[in-house]
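As structure tokens, the structure follows; a few thoughts come after it.
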Amino acid sequence: MNTKINVTVWNEFRHEKSNEAVKKLYPNGMHAVIAAALGKTGDMNLHTATLDEPEHGLTDDVINKTDVLIWWGHIAHGEVKDEIVKKVQKRILEGMGLIVLHSGHFSKIFRTMLGTNCSLKWREVAEKERLWNIEPGHPITQGIGKYIELPNAEMYGERFDIPTPDKLIFVSWFEGGEVFRSGCCWERGHGRIFYFRPGHETYPIFYNEAIIKVITNAVRWAKPRVMIQDDCPNVEPLEKISEKDVDFGSAGILQN
Ligand code: ZN
């Protein structure tokens, strides 16, 4: 029996084609680097999908086989078709896991799942970032230690317009003074969602072992525990219900 976690790494895959510095870092795309690293864990089957493929690489077959979807997007969020977003949302509500990286904070799927603007402050001057591990007992922070330090990062600062996370596990400090909720967990329907801040395309973030460790742990945390299709049935009572001496109308309103 195949008990491996089926992971789809989705990437917009545009900066890698148009920006020489990004192309040099990620010649086959960030998705290829993330998938190769996760593939080494041994407990995951990796698949990749990109924006410019038919249906953005997210056909019904791919969506239905995916246990955990990883999402990186930035300049082309608006090109992602609403019908695909709807299918992904349905699958998450049924139990699929979603991991949103960095600039994916403005993706249609993230904003759809959370229902807020997901806006933030930003600055790109290659400053130092320290991500503090504030939940050392959480499955996603296992093996991470007290903090992760990135020598050069794009800054994301509060206020991050998100619903209060069910669990906040990383808080970032930046050299320029800002702080940011960098590791956030939510549940929506039967699915688990993790947002992880690092991942700016011009820095070698996805070659960093600690970053890959967090994403690996997050995949294992977000894998489906159940997969339940939504319905809203009218049901017969399990026990016989005694007749009441009051008269309710069909909308449950007392008649008199
Ligand atoms: Zn960025």
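Counting starts at 1 for both ligands and their atoms, in listed order.
- Distance check: Thr141 OG1 to Trp132 CH2 gives 14.0 Å after rounding to the nearest 0.5 Å.
- For the Zn ion (ligand 1), the count of nearby protein N/O/S atoms, taking only those under 2.8 Å, is 3.
- A donor-acceptor pair shorter than 3.5 Å can be found between the side chains of Glu154 and His102.
- Rounding to the nearest 0.5 Å places NE2 of His31 at 12.0 Å from OG1 of Thr8.
- The aromatic rings of His56 and Trp10 sit perpendicular, their planes meeting at an angle over 60°, well past the 30° parallel limit.
- Linking Ile, Leu, Val, Met, Phe, Trp and Tyr whenever their side-chain heavy atoms come within less than 4.5 Å leaves Ile99 and Val88 in two separate clusters.
- The pair Lys65-Asp61 counts as a salt bridge, with a side-chain nitrogen and a carboxylate oxygen less than 4.0 angstrom apart.
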